[in-house]
Amino acid sequence: MVIDAMAQLTASRGTPITRSRINVLLLLVAIMTVLLGQQLVKVQVYQQHKGRQLGTMAQDELTRHEVLQPRRGTIYDRNGVALAMNVNMPSLYVDSTQIKEPEKLALLLAPLINKDPAEVLAILSDKEREWTRLARWIAVDTAQQIEKLTADGDFGAGIWLIPEAQRAYPQGEFASRIVGVANHEGVGISGVEAYYDEEIKGISGKLQAERSGSADQQPIWIAPKEIVEPQDGIAVKLTIDSTVQKLVEDELRRVVDEQQAEGATILVMDPNNGEVLGMATWPVYDPNKYTDYPAEIVNRNNALTDVYEPGSTMKVIVTAIGLQTGAFTPDTVVHDGGVVHRYGWDIGNWNRAGNGPQTPGQMLYNSSNVAALQFGEMIGRDNFYKYLKLFGYGQQTGIDLGGEGEGIVKWPEDLGDEWTDLTLDQNSFGQGIAVTPMQHVAAISAIANGGLLMWPHVVREKCQGAQCEPVKPRVVRRVLDKPVTDAIRQMMTTNAEHYANLIWGPSTGNWADQPLVPGYHVSAKTGTSQIAVNGGYDNNAVIGSVIGFAPSDNPRISILVKIDRPKKAQWGIEAAIPVYQRVVTKLMSHFRIPPDPNYKTEGQVIGGPQ
Amino acid sequence: MAISQRLLPLQTARVRRAQLPIGYFKLGEAGMIAGAVAIVCILSILFLAQTGRVATAGYRLQELEQQHTQLLREAEQYEFRIAQASRLDSIAARAQTLGMRPATSEQLRYATIELPAVPVVASNN
């Protein structure tokens, strides 16, 4: 009927349509109907388009997926002062296509963001750039100036100040070697930031919701949304006492400046629980500008990574091992003729002068290499290296900071036939063995606390929100018995008095032994170490060091001072002892330890000299 | 008329309904359409009102969240400033501007306080 009607219609209009043409037209319509039907089935039933689910595509178009970043945990010192924290600082972005008067704007902006006006102009004039970050993390007052500058719209609409999260270190260089640094992507790369990165960084969350059509694409709240809240990182409270840290950093700067030293390390530890109270190494860096420094400064902490021959400070450990193993007693005497001949080598004291009969205490007092060598031989290879291992030498202390070295000990079991008895002799006076400052201060702490090797650590407390969990001190092992440590402490106190004339002699004219720190019995042992280079020793440089603890009878702190290659002091101890004396004097006052007013000689002042 | 049989209400209704003309309760087509439209309109208005309220609350919530974020940022800034001001260098410099200086060893005085050998017990008298 329809065909007839169409035929009649065309006939009435005078345009003949043949049946065959109509059939072709019908065929085309039929084909198109089938194709459309197929497409309809495909879309409606299988919901596929170019291999993708249409529903998913539509949902993706509407839905906003966002990763919710957790807040990186704050790092505090033991008194709650923030050392590393998050802060949103404004960053300056520009859309060059919308900028008016780029020349004038470049001249005004450049000094505010510390950039060359030509560089700024090049960015502002480049009309291909629609979104460029001109400056990252600018100061708030600078941002306010930029806001005022662009508020009236004279320079167009293409200027934005957008807050961006920044890891900030409000104390700058202070304690930077301990705190470390998190890079611009928020990943800890050194110090506590790196060691505790997994816990500090937190766990990301996610948001999935329909978004609005506005520029900020905020979620539409009437649509159901899925939120997995991010879990913020833990905050950590360090064992570092800011006053102690400031003190050792100031002393570090002072000695490096005075001695024109190439490096220095000062470590202060609580021997009773292994808490590191202060740790300063030279050179220092500002973590806020970590990219300005070489990686070897940013990524390493010399107190943990650097090894050095401990020199005469090792004699304390040798004495402790001998007394503990019963190889000798405090009254055992060896003869120091100044030089001994062993295995084809002449081994002598620093001045090759003899000290005559030497007890272990006198060996420490005179720092006799010859006597130390003989006491080492009395101990014997097996006990000597067994106790070196028990003291923690040749292995990491396990401190909660990354990059720790192991030191170098020539273990007989490792070297086999290559190990010689000469190694034991050399090790007895601190040569042929290399330690890290942290190992050494941990070992001396075992003597200070009555014989327990404590785990050194820098984190005191971990907090998730308001809930804090203390990090408990850990005893690694007992190394010495208390009577042994009591004997060593007595010897080291006498030693400290022996060094005092270096400090007090010039002002009092008294060059005899006297209290090193008036009012306080303190323990100390110095060492001047040669520096190993290319299989031999550098004849032009030394490392001066002191290890000790105070007060001797009830130690609150153990200390290591190490000065690398001092230029002014011929013997390293001349550089190290004054630092040790000043640090101990100030710390006794800081920890409010009452002085013994009678423990001083004429001319000495409690609390001095400064 | 005497009551010969008591009828229950439902039974009464059924009897009365049977007495009504056929189609009494039936709506015409126009009536049904109008009724449906009315129902749809009411439901739509209710839905729109509900949605509007949710949307308003949502945007208010969003505003509050933005405000919360802004306040957090400001708090961070203040914490940062406090931390900077807590630098021992800054404190020392400030103390010096106030005319203070570190105590010298000659200025230190130590007092010995003799504590009583027997604990003092508070008396009510």
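Quick note on labels: first sequence line is chain A, next is B, and so on, each numbered from 1.
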J.: What part of A/Arg592 is in contact with chain B, defined as an atom under 4.5 angstrom from a non-hydrogen atom: side chain, backbone, both or neither?
T.: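 Interface part for A/Arg592: neither.
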J.: Before you tell me yes or no, could you show the steps for A/Met89 and B/Arg73 under side-chain contact (heavy atoms from CB on, under 4.5 Å), namely the whole-Å CA-CA distance, both residues' side-chain angles and the distance that decides it to 0.1 Å?
T.: CA-CA 9 Å; A/Met89 301 296 279; B/Arg73 282 179 186 150; over 6 Å; no
J.: Nearest heavy-atom pair of A/Gln171 and B/Ala83: which atoms, and what distance?
T.: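 For A/Gln171 and B/Ala83, the tightest heavy-atom pair comes out as NE2-O, 2.9 Å.
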J.: Non-hydrogen atoms of chain B under 4.5 Å away: do they reach the side chain of A/Val81, the backbone, both or neither?
T.: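 Just its side chain gets close to chain B.
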J.: Given 3.5 Å as the limit, does a donor-acceptor pair link the side chain of B/Gln77 with the main chain of A/Asn88, or not?
T.: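 The answer is yes, because a donor-acceptor pair under 3.5 Å joins these two groups.
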J.: A/Tyr599: what forms a ring-ring contact (aromatic ring centres under 6.0 Å, His included) with it, not counting sequence neighbours?
T.: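 Partners of A/Tyr599 under the ring-ring contact (aromatic ring centres under 6.0 Å, His included) test: A/His521.
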J.: Identify the residues of residues 139-146 of chain A whose heavy atoms come closer than 4.5 Å to a heavy atom of chain B, ordered by number, or report 'none'.
T.: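 Residues of residues 139-146 of chain A touching chain B at under 4.5 Å: A/Val140.
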J.: Within residues 43-50 of chain B, which positions have a heavy-atom distance to chain A below 4.5 Å?
T.: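 Listed by number: none.
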J.: Output the residues of residues 85-97 of chain B for which the shortest heavy-atom distance to chain A is under 4.5 Å, in residue-number order; output 'none' if no such residue exists.
T.: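 Expected list: B/Ser86, B/Arg87, B/Leu88, B/Asp89.
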